[in-house]
Amino acid sequence: MSQAPVLKSSPTASSHAPGVGDDFEFVEVIRGYLNEAAELVDIPGYVREILGQPKNEIIVNFPVKMDDGEYRLFKGYRIQHSNILGPYKGGLRFHETASLDDFKALAALMTWKCSLMNLPLGGGKGGIKFNPRDHSRRELQRITRRFIHALGSNIGPDYDIPAPDMGTNAQTMAWAMDTYMNTVGMVSKQATAGVVTGKPVTSGGTEGRVKATGQGVVHCIREWAERSRFDLKGKKLIVQGYGNVGSHTAVLLSHLGVSLVGVGDHTGYLYNAEGFNSYRMQEYVAEHGSISGYPNGERIEREDFFAIAADLFVPAALEAQIDQTEARALQVKLVAEGANGPCTPSGEKILLERGIDIIPDVIANAGGVTVSYYEWVQNRNSEKWTAEDIDERLELAMKTAYQNMMDFAEANGCSYRIACYGVALQRLARVYSEREIFP
Ligand code: GLU
């Protein structure tokens, strides 16, 4: 007699990574910034209330057959924060600490990003609570496909458009698109390539998407350097997280003469006073999955990493990594937030008091979703833009947003973060005042 298959559910993990203040509630923090900015923009109370909550919260539980023949139950999320400016847009995160509340915060951040960048897109975010490193490629494929299938018509090229985020990449998006296409019937199949962005270029992706977030971070750093009369050449960089965002930022900055002296990821921290070869490290991580074992670097403790004498710091890992201790330790002049929510409010306060500038996530990492938008437009129109086209458009988009942020900050005497929220809110409030509330 054959045994009934065992259904294991995803193990629950602790809510946040090391370095996080126990009192850090991501969703509350984001709501706090919204309220602060709302005071300056003077939006109606009901708009603030609407934007303080996501429009839809979708949770799906789905079983997947593992390589050993057993079944495991996974929990997937899709939070749709706002579609007042256009279809919901935002990444899919595969991470063991993922939670409903964090996805709510991340989805809201997408609304602010798209609005600040003046994209006709709203905000969403989702993913699955599990550690993708524990799974084979075949299992990852089945998990992704079952998740996309479970989401069903909750996503779509005109409704909600996922993209890569932590733990997912172009390959994940190829599986996602293929699964979605196979559920829509023969006739509309080809019209649905835009259901996800961040696809491989050959499968309907766009040139420039892989480096886009890092490229956007670098555009912001250049804008900051120009305005601060700060010569980037010969300066030192430290990066936390050497995935897509961290590694591309480091490689692109190396072209401007900035050397990478400290790097950290989930396996630990490395230091090299002479500077790492950022490109070779990127190749190493692509092959080995982390910086662990990378030659030419001295292993250091997390606390020593934050105290490295450098000029620029790009956090490109999890949220809430820069709390009070880290903010006091940092020796840099600028923190450019490649990650979403890397500074806690008390960490941010200390950084600003110490005269360390912060380019906030809402603008710093918005290059990713901006090029996602270019991909989506190309898919809709069956077009193929060149890498030069994409580069030019992104540069202009980032510069414009940066200027808008600066203008708002100057006019209102607020931080760059609140300025980003303010510009975003102004656009959203205008649309609410034109469309008003149904019925
Ligand atoms: N996951 C990225 C972000 O946090 C990109 C989202 C997208 O391209 O839609 O901005």
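One-based numbering, in listed order, for ligands and for the atoms of each.
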Take every heavy atom of [X], measure it against each atom of ligand 1, and state whether any distance is under 4.0 Å.
X	answer
Gly90	yes
Arg93	no
Lys125	yes

* Structure fact -> Closest to atom 7 (C) of ligand 1 (heavy atoms only, candidates Ala163, Pro164, Ala339, Gly124) is Ala163

Top protein contact for [atom], by heavy-atom distance:
atom	answer
atom 10 (O) of ligand 1	Lys113 NZ, 2.7 Å
atom 9 (O) of ligand 1	Lys89 NZ, 2.8 Å
atom 1 (N) of ligand 1	Asp165 OD1, 2.8 Å

Atom indices of ligand 1, in the order listed, that fall short of 4.0 Å to a heavy atom of [X]:
X	result
Gly91	1 (N), 6 (C)
Ser372	7 (C), 8 (O), 9 (O)
Gly368	8 (O)
Met110	3 (C), 4 (O), 6 (C), 10 (O)

State which residue, out of [options], fulfils the side-chain contact (heavy atoms from CB on, under 4.5 Å) condition with [X].
X	options	answer
Phe130	Lys75, His95, His135	His135
Val218	Val258, Leu256, Thr213	Leu256
Lys211	Asn244, Val245, Asp391, Thr249	Asp391

SB check [X] [Y] (cutoff 4.0 Å):
X	Y	answer
Glu319	Arg93	yes
Arg145	Asp178	yes
Asp158	Arg380	yes
Arg280	Glu283	no

* Do you know the tightest heavy-atom contact between Leu252 and Gly214? -> CD1-C, 3.9 Å

* Tell me which part of Asn340 gets within contact of ligand 1: side chain, backbone, both or neither, using heavy atoms under 4.0 Å. => side chain

* **ligand 1-proximal atoms of Arg209, by part, heavy-atom distance under 4.0 Å** => side chain

* To do: May I ask you to establish whether Arg146 and Phe74 are in a cation-pi arrangement, using a distance under 6.0 Å from NZ or CZ to the six-membered ring centre and at most 45° from the ring axis?
  => no

